[in-house]
Amino acid sequence: MIIAERKPINEILDMVSDDEKILLLGCRGCVSVCSTGGEREVEILASLIKLGMKKQGKSVEIIEGTLVRQCDREYIDSIDQWKGQYDAILSMACGVGVNFIANFRPSTKVYPAVNTSFFGGSPEQGVWTEQCAGCGDCILHLTGGLCPVARCAKSLMNGPCGGSVNGRCEINPDVECIWQSIYDRLGRTGNADAMQKIAPIRDWSTAGHGGPRKVLRDDLTV
Amino acid sequence: MVFTPDIQAFCCHYTSQQTIAEGKEGLKEDGMPENVTLNRVVCTGKLQISTLLKAFENGADGVYVAGCPTDTCHNIKGSQRAAKRVAAIKKALSELGVEPERIEMFHLERGFHPEFIEVARKMNQRITDLGPCPLKGETK
């Protein structure tokens with residue numbers, strides 16, 4: 001899922017300082033699962049904004065809402081239920097949601113309440129780690145299911161850099177050397193020979209280096 | 001002008017059980033400040049961050065949570081969860097430029113004990129010294 005973190009409250013207060021009526025819009029998708037932008041977090045942020053504004057001697061009206069998702073047009077259209085009731089939308093969705101509101105509501109002011117961090121998972125409650133870079137050309141079948149693009153600090157494709165110590169990355173001992181883990185895993189699964197294969201020079205155009213990406217599924221379009 | 005703070009206390013069923021059984025008058029005789037409002041919850045782990053923030057929205061000058069000792073919570077980790085949420089609000093108050101000590105977590109033994117009154121008096125003194133909460137939009 002997409003992992004996000006709420007922006008510092010003062011940054012958010014600066015964004016909305018000129019607006020008297022705000023639609024604070026959560027998302028029940030990824031940001032809800034990672035406890036950043038779901039209904040509960042909308043309630044918390046609404047309180048913090050009201051308290052922060054009050055401290056500055058201002059008043060603000062906040063409408064709290066949460067969409068099923070902010071990354072599908074059909075749900076974006078449901079924003080119309082609050083039509084005319086707000087000056088700006090403060091979205092607690094990932095950057096996709098903010099962009100979608102901007103795309104489909106061209107005259108509506110929209111601000112991001114969260115920083116979109118990465119594609120990751122939760123190994124334990126309250127912890128999220130990056131697992132995938134969304135590079136568009138998956139090679140996990142060659143690396144034991146562990147991604148060197150996302151999880152190697154240098155995104156190396158042909159083994160470790162030589163800076164790792166005891167299986168830990170040289171940039172930070174809290175980070176595992178993913179190439180050490182790939183090597184260990186390949187060995188455990190009887191595929192150690194895969195380490196000998198040389199990965200060709202990679203075409204990064206699928207990773208966004210060729211501009212914004214698009215997926216078109218002709219079988220789904222009508 | 002004398003400032004009497006509005007203090008909202010959120011206490012778990014077990015921490016406050018016998019103390020509350022004394023009734024308002026009994027608590028007053030024990031020295032409980034009258035401006036401390038007790039809000040009993042089944043477990044402090046049930047308290048949401050938004051509930052505690054609402055107390056400030058509703059005009060509280062100080063808020064505290066009294067839950068079980070961390071290692072003997074009736075619901076295992078309830079008071080630990082509450083302490084984490086209180087810590088999150090302390091951080092948010094700091095971000096807003098408000099004294100984080102306006103909210104506090106106390107871990108108390110169950111049943112009747114003088115500490116229940118002591119923490120109320122301690123918070124009352126602390127918040128009286130701090131003055132009105134800036135989040136009320138009023139000047140000191």
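Below, chain A is the first sequence line, B the second, and so on; all start at residue 1. Only heavy atoms go into these numbers, but all of them, side chains included; no hydrogens, no water, no symmetry mates.
- Within 6.0 Å of atom OH in A/Y183, 12 or fewer heavy atoms from other residues, nucleotides or ligands are found, so the atom counts as exposed in its surroundings.
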Worked check of side chain to side chain contact (heavy atoms under 4.5 Å, CB included) between B/K54 and A/S47: CA-CA 7 Å; B/K54 278 276 185 297; A/S47 274; 3.6 Å; yes
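- Under a cut-off of 6.0 angstrom, the local environment of CZ in B/R40 is crowded, with over 12 non-hydrogen atoms contributed by other residues, nucleotides or ligands.
- Between the side chain of A/K55 and the main chain of B/L96, a donor-acceptor pair closer than 3.5 Å is present.
- To the nearest 0.5 Å, atom OG of residue B/S50 and atom CD of residue A/E39 are 11.5 Å apart.
- Sparse packing is recorded around CD of A/E20, with 12 or fewer heavy atoms of other residues, nucleotides or ligands lying under 6.0 Å away.
- Taking every heavy atom of both residues into account, B/K136 and A/K54 meet most closely at O-CE, 3.8 Å.
- By the neighbour-count criterion of 12 heavy atoms within 6.0 Å, atom CD of A/Q85 is densely surrounded, having more than that number from other residues, nucleotides or ligands.
- Distance check: B/I49 CD1 to A/L45 CG gives 12.0 Å after rounding to the nearest 0.5 Å.
- Checking side-chain atoms of B/E95 against main-chain N and O of A/I9 turns up a donor-acceptor pair under 3.5 Å.
- For A/N172, the CG atom counts as densely surrounded, since its 6.0 Å shell holds more than 12 non-hydrogen atoms of other residues, nucleotides or ligands.
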